[in-house]
Colleague: 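Please find one structure pasted underneath; my questions will follow.
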Protein chains: 2
Amino acid sequence: MKFTLKQLSYFVAAGEAGSILKAAEKIHVSQPSISNAITHLEDIFELQLFIRHHAQGMSLTTAGNQIMAQSKRLLQDASELKSFAGKLSDQIFGSINIGCFTPLAPIVTPELCHGFMQSFPGVDVNVSEDNQAELLSSLKKGSIDLALTYDLQLDSDISFTPLVELKPYALLAEDHPLSNKKAVKLMELAEEKFILLDLPLSDAYFMSLFSLDNVKPIIHARTKHIDVQRGLVANGYGYSLANVRPLNKRSLDGSGLSYVPLLGEYPSLTLGIAVLEKIRKTMAVDSFNTYCIEQISSNHIPGMATL
Amino acid sequence: MKFTLKQLSYFVAAGEAGSILKAAEKIHVSQPSISNAITHLEDIFELQLFIRHHAQGMSLTTAGNQIMAQSKRLLQDASELKSFAGKLSDQIFGSINIGCFTPLAPIVTPELCHGFMQSFPGVDVNVSEDNQAELLSSLKKGSIDLALTYDLQLDSDISFTPLVELKPYALLAEDHPLSNKKAVKLMELAEEKFILLDLPLSDAYFMSLFSLDNVKPIIHARTKHIDVQRGLVANGYGYSLANVRPLNKRSLDGSGLSYVPLLGEYPSLTLGIAVLEKIRKTMAVDSFNTYCIEQISSNHIPGMATL
DNA sequence: GCCTCTGAATTAAATTTATTAATGCAATTG
DNA sequence: CAATTGCATTAATAAATTTAATTCAGAGGC
C-alpha cells in the first residue's frame, strides 16, 4: 500500500486551506477527490491527520502537522527533480562524459576542458582516455556522450564531425642530421632504425605510409606509450612517425626533439568529434560539441605545435 | 504534465536492471508498463534517458544517470515519509503539544515534561500555558494534543481523566497568628482582608467556597498572577485561598508563606488530563498520557507540596 | 428550540489511467 | 538466413480517479 504525489498535494492543499472545500476551489478539483486522498493517507499512515469540525472545515492534528511538513518537502523535491530535468534539457548544465583517444588526450583535453568549464561553470566535464574500440563501445553504451578521436573504423551509427587534418611527420632527435630540413622523404630514413607506436590503429596506419613508398622500415622498437616513443627518439635510438604534435619538443627526460614534415602526399588522420547518431544530446553536450568546433581548427589546436 | 512515484520507480528498476524485461520480472509488472513509464518520463523531461540496444537491453545516457540518481533519492525520501508516518503511529516518537492551565504550569510541567523527555528521547514535548477556554479551544483546533487542567467547564466532546483532587487551603503569611494551626475555618478569617486570584474560573470557585459558609470576604486586592497573590499574602496584606501548592513556601521577594488546610468539607478541584474525545492519539501522546497517570497521584504530584 | 446553512462523507456513474496479452519489428546470433 | 532477443505498439480489460448528486451532523441565526 503506497501513496502518490497527487494525494500528498491534495492533503497539503487541504492542510493549508483548513478546509477541503476551499482547497478544492483553489486547486480546481472536486471536494470528494481531496476527501478521498486524505482518507487514503490516513489509512496507509495509520494516523489521524485532521480534526473535522462540523460546518467549519478541519484543522491539522499534531501528527498531521508533522506529516504535512514532510509532505511539502517531498513535493518540493519532486518539483526540483522536474526542474533539474528541464535544466538538463534546455540549459548548459549538469555532468557530461567526454572520451578522448589516448594519444590525443594529454595534448588537447587539458586546455579544451578547462576552457569549457571556465566558460560554463554549471557543467562538470569528466574526461576518460581510451583506444578507438573502447571509445566507440562507450559511446554506444552511453558511458561517454562524445569522443574526440580520429575518423578510423567508425561504425554506421556513429556520426563524425571532422575538425582538422593531422599530417604525419617525422619525429627526429634534435641533433639528427635531417632535423633542420624543411621536409624529409621516407626513403631518406629507410636505413635508420624505426620506433613504432604500437597502438591498435596507429600501427597499421604508420606501416601503410611506408608501403606507399615501398619502403621497408627497420623496426627497432615498439611501444604503446608516446612518451617512450619520444624518449627513444630523442636519445638517438632511431626515428619515428607521428601525427599529434605536442607543444613541448623535449622528451620526458629533457632531450630535444624535432618535427620534420614528410615530403610527398600521405594520408592524414582526421581529428574530429564522434557521437552516437541516434542520441538526443543534452544542452551541455551540445555546447561542448560546438565549443570543440570553435576551438579546434587548422589555425589552432589546443596544446598542439604547428609543423 | 507531471510524473508519478510509480513511474520513477519503474524507471529506476529499468536503469538498474539495464533492461526493461529484466526489470519487469524483478518488480512483477508487465514489460509495456515499464516501457510506458520511461517514455512518459522522457517526454515530460524532454530528455533521452536510455540508449536502446536492439536485442540487448538498454543503457542509461549521461542525462539518464543524473536523473536516476535524483529519482532514487526522491523515492528514498518518499519511503522515509511512509516510515516516518509509521513511527508516528506505532512508536513513541515525534513532536507532541501539551497545554497546561496557567496556574498549574510552573508547578507541574517542568518536572513532568523533563522526566518524560528523559525517558523517551525520541519525543519532542512542546508546552503552552493558557486559560481553560483557550485550552479547550486549542484541543478542538488540534493545536494541542492533551491538556493538564481542572475538570471545569468541559464540553461533551472532551474526555477527562481525573488524576488527583486538590483541596483548597488558606494561604497565610508565615508570621500570621493562624499559620501554625492544623486547620482553619473560613469564618476565622472573615474579618481579615482577602486577596482574590482573579482568573476566569478560579474567581467563581473561590467565591463559592465563602458562600458555603455564608461568609462575605473583604476583597482587598485582585490579581491574575499567583506570584502577586503570594507576594501580597507573604507581606501581610491579607490572606488568600489556593489549590496548587508550590514546593517553595516563599514568595518571589523571599517572604515566607504558610499553607493551612480548611476545616470543613469544601469542593476540591480535580486535576486531570483533558483530550479531545474523537481523536486518534499517536503513540507519543498516548505515552505522555500514561506517563502523567503514573507520575501524578494523591501520593505525589510533581513540584507540589503536601498540605 | 426550530430552521437554515455549512462543509465533510458517501454513493454511483463517467472518465481517465494503468495493466496486460498479443503482436510487430529491428538488430543480433549462430 | 532462420531463430532469438528485447523494446515498442496495439487493443482489450481492469483499476483508480474524478465528478455530480446526495446525505448527514453540527453550527448559527432568529
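Each chain gets a letter, A, B and so on, in the order its sequence line appears, and its residues count up from 1.
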Colleague: With a sphere of 6.0 Å drawn around NZ of Lys26(B), does it hold more than 12 non-hydrogen atoms of other residues, nucleotides or ligands?
Modeller: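 Result for NZ/Lys26(B): open.
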Colleague: Please confirm whether Phe84(A) and Phe93(A) have ring centers closer than 6.0 angstrom.
Modeller: yes
Colleague: Apply the test salt bridge (charged side-chain N to carboxylate O under 4.0 Å, His left out) to residues Glu16(A) and Lys22(A): give CA-CA distance (whole Å), side-chain angles for both, the deciding distance (0.1 Å), then the verdict.
Modeller: CA-CA 10 Å; Glu16(A) 283 180 340; Lys22(A) 279 182 199 146; over 6 Å; no
Colleague: Just so I know, are the side chains of Ile98(B) and Ile144(B) near enough to count as touching, which here means a heavy-atom distance under 4.5 Å?
Modeller: no
Colleague: Out of curiosity, Thr39(A) OG1 to Gln7(A) CD, how far, rounded to the nearest 0.5 Å?
Modeller: 10.0 Å
Colleague: One pair to check against ring pair (Phe, Tyr, Trp, His ring centres under 6.0 Å): Phe45(A) and Phe3(A). What are the steps and the verdict?
Modeller: CA-CA 9 Å; Phe45(A) 289 161; Phe3(A) 58 87; 5.6 Å; yes
Colleague: Could you check which residues of residues 60-72 of chain B get a heavy atom under 4.0 Å from DNA chain C? Sort them by number, please.
Modeller: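 When residues 60-72 of chain B is checked for heavy atoms under 4.0 Å from DNA chain C, there are no hits whatsoever.
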Colleague: Which of residues 2-15 of chain A have a heavy atom under 4.0 Å from DNA chain D?
Modeller: Lys6(A), Gln7(A), Tyr10(A)
Colleague: Would you indicate whether the side-chain heavy atoms of Ile279(A) and Gln48(B) approach each other to under 4.5 Å?
Modeller: yes
Colleague: With heavy-atom distances below 4.5 Å as the criterion, would you say the side chains of Val275(B) and Asp145(B) are in contact?
Modeller: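 Heavy-atom side-chain distance check fails, nothing below 4.5 Å.
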Colleague: Does the side chain of Tyr205(A) come under 3.5 Å of the side chain of Asn243(A) through a donor N or O and an acceptor N or O?
Modeller: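 Short answer, yes.
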Colleague: Tell me, please, the opening and closing nucleotides of DNA chain D, 5' to 3', among those with an atom under 4.0 angstrom from a non-hydrogen atom of chain A.
Modeller: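 With heavy atoms of chain A under 4.0 Å away, the range is dT17(D) to dG28(D).
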Colleague: With the threshold set at under 4.0 Å for non-hydrogen atoms, list the residues of residues 36-50 of chain B touching DNA chain C in residue-number order.
Modeller: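 Here the set is Asn36(B).
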Colleague: Checking Lys140(B) against Asp155(B) for the salt bridge (charged side-chain N to carboxylate O under 4.0 Å, His left out) test, could you report, in this order, the C-alpha distance in whole Å, the side-chain angles of both residues, the deciding distance, and whether it holds?
Modeller: CA-CA 10 Å; Lys140(B) 289 179 188 175; Asp155(B) 298 352; 2.2 Å; yes
Colleague: Taking the six-membered ring for Trp, are Phe11(A) and Phe50(A) closer than 6.0 Å centroid to centroid?
Modeller: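 Yes, ring centres under 6.0 Å apart.
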Colleague: Quick check on contacts: within residues 20-33 of chain A, what sits under 4.0 Å from DNA chain D by heavy-atom distance?
Modeller: Val29(A), Ser30(A), Pro32(A), Ser33(A)
Colleague: Minimum heavy-atom separation for Arg52(B) to Met58(B), with atom names?
Modeller: NE-CE, 3.4 Å
Colleague: Answer yes or no: is there a side-chain heavy-atom contact under 4.5 Å between Val164(A) and Thr270(A)?
Modeller: no
Colleague: When you check the phosphate oxygens OP1 and OP2 of dA9(C), does a side-chain N or O of Arg52(A) lie under 4.0 Å from one of them?
Modeller: yes
Colleague: Sequence neighbours left out, what passes ring-ring contact (aromatic ring centres under 6.0 Å, His included) with Phe160(B)? Give chain and number order.
Modeller: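 ring-ring contact (aromatic ring centres under 6.0 Å, His included) list for Phe160(B), sorted by chain: empty.
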Colleague: Before giving the answer on salt bridge (charged side-chain N to carboxylate O under 4.0 Å, His left out), spell out for Asp77(A) and Arg73(B) the whole-Å C-alpha distance, their side-chain angles and the decisive distance to 0.1 Å.
Modeller: CA-CA 9 Å; Asp77(A) 288 350; Arg73(B) 202 174 323 166; over 6 Å; no
